Undergrad: 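I'd like to ask you about the structure that follows.
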Amino acid sequence: MIDTHIAQPIGQRVPSRHPIGVRIGEPLQIAAYAGRQDDREALREPTDTVMQAIAALSGQEYVDRDAAQYKHQARA
């Protein structure tokens, strides 16, 4: 989604009337990971693929860190 930071900046409870856009990328093939939902690596790989595709569409930098790493760092 494009320009949502203008329509509703962080901390603003109600969005402003501002046009936003949506970019839709090519379909991603992740069927190879079906049935491997208990394998952490099998979950992480398609997540990285999706996040890299989002980064390419949005122009944002992809930071390869998962929630577990953030939680561990926050406790330190």
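A quick note: this is a predicted structure, and the numbers were derived from the prediction, not measured.
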Undergrad: Are Ile24 and Ile20 grouped together when hydrophobic residues (ILVMFWY) are joined by side-chain heavy atoms under 4.5 angstrom apart?
TA: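 Per the 4.5 Å side-chain linkage, Ile24 and Ile20 are co-clustered.
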Undergrad: Which atom names give the shortest non-hydrogen contact between Ile30 and Pro46, and what distance separates them?
TA: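 Nearest heavy atoms, Ile30 then Pro46: CG2-CB, 3.8 Å.
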Undergrad: Spell out, as yes or no, whether a donor-acceptor pair under 3.5 Å connects the side chain of Gln8 to the backbone of Arg13.
TA: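 Yes; at least one donor-acceptor contact below 3.5 Å.
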Undergrad: Would you say Leu43 ends up clustered with Leu28 if hydrophobic residues are merged whenever their side chains have heavy atoms under 4.5 Å apart, either directly or through other cluster members?
TA: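 In one cluster with Leu28: Leu43, no.
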Undergrad: If I take atom CZ from residue Arg44 and atom CE from residue Met51, how far apart are they, to the nearest 0.5 angstrom?
TA: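 The CE atom of Met51 is 8.0 Å from CZ of Arg44, to the nearest 0.5 Å.
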Undergrad: Compare every heavy atom of Gln60 with every heavy atom of Ala55, then report the nearest pair and how far apart it is.
TA: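 Here Ala55 and Gln60 meet closest at CB-O, 3.2 Å.
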Undergrad: Is it the case that over 12 heavy atoms from other parts of the model lie below 6.0 angstrom from the CD atom of Glu41?
TA: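 Result for CD/Glu41: open.
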Undergrad: Could I get the full list of side-chain hydrogen bond (donor to acceptor under 3.5 Å, both in side chains) partners for Glu45, not counting sequence neighbours?
TA: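 So Glu45 forms a side-chain hydrogen bond (donor to acceptor under 3.5 Å, both in side chains) with Tyr33.
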Undergrad: If we check side-chain contact (heavy atoms from CB on, under 4.5 Å) with Val50, which of these qualifies: Ile54, Asp48, Thr47?
TA: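 That would be Ile54; it is the only one of Ile54, Asp48, Thr47 passing the side-chain contact (heavy atoms from CB on, under 4.5 Å) with Val50.
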